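Bear in mind that the values here come from a model prediction, so they are computed numbers and not experimental data. Worth knowing before you read on, the calculation uses all heavy atoms, side chains too, and leaves out hydrogens, waters and symmetry mates. Order of listing sets the numbers, starting from 1, for every ligand and every atom in it.
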Amino acid sequence: MAAQNLTSDDLESILEFTKSLAWKAGALILEGSEAIQAAGGEGESNVGEKKNSVDLVTEYDVRVEQLVQSELRSKYPTFKFIGEESYSSGVREPLTDEPTFCVDPIDGTTNFVHGFPFACISIGLIYQRRPTLGVIYNPFLDHLYSGMKGQGSHLTRGFNPPRRLPLANPKPLPTLNQAVIGVEWGSDRCETTISAKSTSFSRLAGDPEKGVAGGRMAHSLRSMGSAALNYSMVAQGGLDIYWEIGCWPWDVCAGIVIAEEAGGLVTGSHEAFEATKDTDQFGVVTEEILTGRKYLVIRGIGNTPSETGREAQKRLIEDFYKTVIDVAPN
Ligand code: IPD
C-alpha cells in the first residue's frame, strides 16, 4: 500500500492540533507536579525506576502519554505512534514511510520529580522517515516552541504573539572558547561512560594554559535536564551547541525540526559526521541519525567576510568532535 501523502495544508492543521494538545498535556503535567510536590516524601511512591535508580518514570509520564496517544489516535487514526512509555513497556513500532508521531510525554522526568521547572511535553511528527514537525511545551514557564519543515520555528510565551526563532540575528561564533554548551549526564552511569563524559566536559570547560590538556575553555557548560528543551534553547539562540549520547528519538524528534528551522544544524555520531561532512548529506537527519542515539546540534551562525555560517558550523563541529570522547549508548 502506498504511503499517505500529506500536503502543506495537512501539516499546518496537524501543527495547530498538536499545539493545542501540548497545552492540554501541559495542564496535566502541572497537576502532576503539584501532586508529587504536595505528597513530599510520600510522593516517592509515585516515582518508579526503569533501567536503574536514576532513570525515573512517574504515573504522570504514563497518564500524559495515554492522553496524547488517545487524542492523536482519534484525530489521526492511520498515523503510527512511537511513545517513550509505550516503547518502554514493549510496544515497538518499526519506522516506516507512514506519518508517525514520536512523543515524549514528560521530557525531563528527573526535573519533574524534583520540582526543577524545566520539563516539557515533546511531540514530533516523522514523515517519510524524516522529522517534519515539532511542538515542545514547558508548562512551568508557559513556553511553547513549534516548528514545521520549510516554515520556520517559533516561540510562544503565554498570551504573547509567537516570535520567530532565533530570537535575534545569529551572531558569528569564532571558536568553542566563546560558546555556551549544553551537555547532560544522562542515566548511564557505568565507569566507561561516566569517565568519557567527565573527561569530555573537563576538556570543553578547562583552561589549557592551566594544565587541562586539550582544554577549550568554553564560556560555560549547562545541563538543563531535558533534551527537548536543550534543542529549543539552541533554536532560541541561548545555547550555542548541545551534545548528548544516550537519548532517544522521542527526546529529540520535535527539537530537531525546531532547531533546524531556526538555522541550526543537526548531526549524529563522530562517525556519521565524518561520513557526511563533505557531502550533500551533511545536516540531513536520516533515519540512521534519528535512531542512532548520538546527537549534536549547533545553532545558526552568522556569515562573516571569511566564512559562511554553514562553514563555521562544520568547522566548530569538527573541533568539538576532536575534543570529546565517543562512547556506546547504553
Ligand atoms: C531524558 C532527558 C535528559 C537526557 C536523557 C533523556 P526523560 O529524558 O532528556 O536530559 O539526558 O538522555 O532520556 O527520561 O526525562 O524523558
Side-chain angles (χ1 to χ4, degrees), residues 22 25-26 28-29 32-33 36 46-66 68-69 82-89 101-124 134-140 145 181-190 193-194 196-198 200-201 221-235 238-239 241-256 258-259 266 268-269 290-297 324 326-330:
L28 185 54
I29 294 174
S33 172
I36 287 183
N46 292 324
V47 180
E49 295 170 7
K50 293 200 274 190
K51 92 180 166 227
N52 61 28
S53 66
V54 298
D55 191 9
L56 305 179
V57 60
T58 70
E59 128 193 25
Y60 282 90
D61 292 75
V62 177
R63 282 179 59 185
V64 175
E65 181 158 319
Q66 284 166 348
V68 170
Q69 183 171 16
I82 299 172
E84 174 171 21
E85 303 317 328
S86 33
Y87 182 93
S88 299
S89 64
F101 286 111
C102 188
V103 173
D104 191 347
I106 303 182
D107 186 52
T109 306
T110 305
N111 290 343
F112 174 72
V113 167
H114 286 262
F116 185 84
F118 288 84
C120 61
I121 162 96
S122 175
I123 308 176
V135 170
I136 291 171
Y137 179 52
N138 175 352
F140 299 94
Y145 296 87
I181 300 170
V183 292
E184 294 289 344
W185 290 99
S187 56
D188 175 14
R189 304 294 170 83
C190 75
T193 303
I194 221 70
K197 282 197 173 186
S198 307
S200 300
F201 299 169
L221 307 185
R222 296 282 178 269
S223 288
M224 217 163 4
S226 154
L229 291 175
N230 281 313
Y231 269 81
S232 304
M233 196 50 74
V234 171
L239 275 180
I241 295 174
Y242 163 54
W243 168 65
E244 187 167 352
I245 293 178
C247 44
W248 297 87
W250 47 80
D251 296 315
V252 298
C253 179
I256 287 170
I258 293 165
V266 176
S269 61
L290 179 63
T291 59
R293 303 189 59 204
K294 298 183 178 186
Y295 310 96
L296 184 150
V297 56
V324 299
D326 194 11
V327 280
N330 280 310

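Using a 4.0 Å cut-off between charged nitrogen and carboxylate oxygen, Glu85 and Lys50 count as a salt-bridge pair.
Annotation: side chain of Tyr231 is not in contact with side chain of Ser226 (no heavy-atom distance under 4.5 Å). For the pair Ile29/Tyr60, no side-chain contact is recorded, criterion being any heavy-atom separation below 4.5 Å from C-beta on.
By the 30° and 60° cut-offs, the orientation of the rings of Phe118 relative to Phe116 is tilted.
When only non-hydrogen protein atoms are considered, atom 14 (O) of ligand 1 lies nearest to Glu84 OE2, 3.7 Å. Closest to atom 3 (C) of ligand 1, if we only count protein heavy atoms, is Gly225 O, 3.7 Å.
Annotation for ligand 1: atoms under 4.0 Å from non-hydrogen atoms of Gly186 are 11 (O).
Neither the backbone nor the side chain of Met224 comes within 4.0 Å of ligand 1, counting heavy atoms alone. Heavy atoms of Ala227 found under 4.0 angstrom from ligand 1 belong to the backbone as well as the side chain. The residue Asn230 has no part lying near ligand 1, judged by heavy-atom distances below 4.0 Å.
Residue-ligand proximity: Ile106 is placed with a non-hydrogen atom under 4.0 Å from ligand 1.
The option from Asp107, Asp104, Asp251, Val113 that lies nearest to atom 9 (O) of ligand 1, judged by heavy atoms, is Asp107. Between atom 5 (C) of ligand 1 and the options Glu244, Glu184, Glu85, the minimum heavy-atom separation is to Glu244.
Side-chain atoms of Lys294 never come within 3.5 Å of backbone atoms of Pro329 as a donor-acceptor pair (strictly under, hydrogens ignored).
Looking at every heavy atom in both residues, Asp107 comes nearest to Ala227 through OD2-N, 3.0 Å.
To the nearest 0.5 angstrom, Leu221 atom CG is 10.5 Å from Trp243 atom CH2.
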